[in-house]
Amino acid sequence: MQTKILYTVQDLRRVRISLNGTLGLAPTMGALHGGHLSLISRARAECDHVGVSIFVNPTQFGPGEDFSRYPRDLDRDLRLLEPLGVDVVWVPSPEEMYPGGFQTWVAVENVSAPLEGAYRPAHFRGVATVVAKLFNAFTPARAYFGQKDAQQVVVIKRMAKDLNFPVEIVVCPTVREPDGLAMSSRNSYLSGDARRAATVLYRALGAAKNQFDAGERNAGVLRATMLATVADEPLARADYVSAAEPDTLEELDRVREGTLLSLAVRIGKVRLIDNLILR
Ligand code: AMP
């Protein structure tokens, strides 16, 4: 099967209509890595057709964030996709996605507010809007997202439900480097000492999980453990640490099975996130 590379909404609609059966969509911002590939492989295994979008979505970046320097290498991405049996890759331009006069936004209110939303105020409005547009353009039966972006999953599930998108949201486990660092396109910003320091997110989550496994149920104690682990790493600064209810993202006093531990950490100018569900 020949992968079709498409650029316009019109071409995507035309090709989509010709595909019978279920379509699985994996939305990405490109700079593909093992995390993305796991979503695509899962879609390939579960659906008749697979669509991938590659779009660095300007509306989910804040002023002063890394939109302009975000890694972009379409040739490399297409080479990586070649062996995966993808039917359609859609690579819209910003003008195709947001033509002149664009003024319609999707705001998922409460679950967008804490954690990432508190540090990146318009981020989830941009995410929800672009994902709604991707759902309308691809009309997927299933859409594949990574647990790596835990709050994004909560926001997208809420949006799909609230707006009656006929799509099943499939959440795939976080894929990690051998030392525990969650794969991320932004890891390419890290080298040397910063790359080594970046394992602090996984170490902080692991330290809190160890306490949970040993019987600790006080959420404040687990948050303090994550903070202390990050504080021990000279190159790292925590934006937040959280032990929250996994569907509402409300901070808890007591943790239990299913609680979402998450954190955001800056290593110099590079901002990383990670999370773990207590089991
Ligand atoms: P991005 O290109 O960063 O917007 O990510 C596209 C999709 O890949 C999102 O659903 C992410 O949650 C998912 N993803 C990113 N990194 C990972 C990872 N390390 N493991 C699993 N999924 C990931």
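Just so it is clear, the structure is predicted and the values come from calculations on it, not from any experiment.
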Query raised in the report: Hydrophobic clusters join Ile, Leu, Val, Met, Phe, Trp and Tyr when side-chain heavy atoms are under 4.5 Å apart, directly or via other members; which others share one with Tyr7?
Result: Ile5, Leu32, Leu37, Ile40, Val50, Val52, Ile54, Leu74, Leu78, Leu80, Leu81, Leu84, Val86, Val89, Val91

Query raised in the report: How far does CG of Leu12 sit from CD of Glu96, to the nearest 0.5 angstrom?
Result: 9.5 Å

Query raised in the report: Going by side-chain heavy atoms closer than 4.5 Å, which hydrophobic residues are tied to Leu39, directly or by a chain of links?
Result: Tyr144, Val170

Report task. Answer yes or no: is there a donor N or O on one side and an acceptor on the other, between the side chain of Glu245 and the main chain of Thr248, under 3.5 Å? Result -> yes

**Report entry** Any pair counted as side chain to side chain donor-acceptor pair (under 3.5 Å), so long as it reaches residues 149-158, sequence neighbours left out
**Finding:** Arg158-Asp162

Query - Option from Arg271, Arg186, Arg72, Lys269 for which salt bridge (Lys or Arg N to Asp or Glu O under 4.0 Å) with Asp66 holds - result: Arg186

Report summary line: Contacts of Arg42 meeting side chain to side chain donor-acceptor pair (under 3.5 Å) (sequence neighbours excluded), chain-then-number -> Glu46

Report task. Measure the shortest side-chain to side-chain distance between Leu278 and Leu260 over non-hydrogen atoms and say whether it is less than 4.5 angstrom. Result -> no

Requested in this report: Please list, chain by chain and in numerical order, all residues satisfying side chain to side chain contact (heavy atoms under 4.5 Å, CB included) with Ala113, sequence neighbours excluded.
Outcome: none

Report task. Report the residues that fulfil side chain to side chain donor-acceptor pair (under 3.5 Å) with Asn187, sequence neighbours left out, ordered by chain and then residue number. Result -> none

Report summary line: When rounded to the nearest 0.5 Å, the distance separating CG of Leu222 from OG of Ser242 is 11.0 Å

Requested in this report: With sequence neighbours excluded, tell me which residues meet salt bridge (Lys or Arg N to Asp or Glu O under 4.0 Å) with Arg217.
Outcome: none

Query - Side-chain heavy atoms of Val130 within contact of Met97, under 4.5 Å - result: yes

Query raised in the report: Among pairs that include at least one residue of residues 52-63, which meet side chain to side chain donor-acceptor pair (under 3.5 Å), considering only residues two or more places apart or in two chains?
Result: Asn57-Thr59, Asn57-Gln60, Asn57-Tyr98, Thr59-Tyr98

Report summary line: For Arg196, the salt bridge (Lys or Arg N to Asp or Glu O under 4.0 Å) test, sequence neighbours excluded, returns Asp193

Query raised in the report: Is it true that a side-chain atom of Asn275 and a backbone atom of Gln147 form a donor plus acceptor pair closer than 3.5 Å?
Result: yes

**Report entry** Partners passing side chain to side chain donor-acceptor pair (under 3.5 Å) against Asp73 (at least two apart in sequence or in another chain)
**Finding:** none

Query raised in the report: Checking side chain to side chain donor-acceptor pair (under 3.5 Å) for the pair Arg195/Ser191: CA distance, chi angles, key distance, verdict?
Result: CA-CA 5 Å; Arg195 171 62 186 80; Ser191 59; over 6 Å; no

Report task. Test Asp213 against Lys209 for salt bridge (Lys or Arg N to Asp or Glu O under 4.0 Å), laying out the working first. Result -> CA-CA 6 Å; Asp213 290 342; Lys209 183 182 162 34; 3.2 Å; yes

**Report entry** With sequence neighbours excluded, residues passing side chain to side chain donor-acceptor pair (under 3.5 Å) with Arg266
**Finding:** Asp239

**Report entry** Separation between CG of Leu263 and CG of Leu201, rounded to the nearest 0.5 Å
**Finding:** 4.5 Å

Report summary line: Sequence neighbours excluded, the answer for salt bridge (Lys or Arg N to Asp or Glu O under 4.0 Å) partners of Asp48 is none

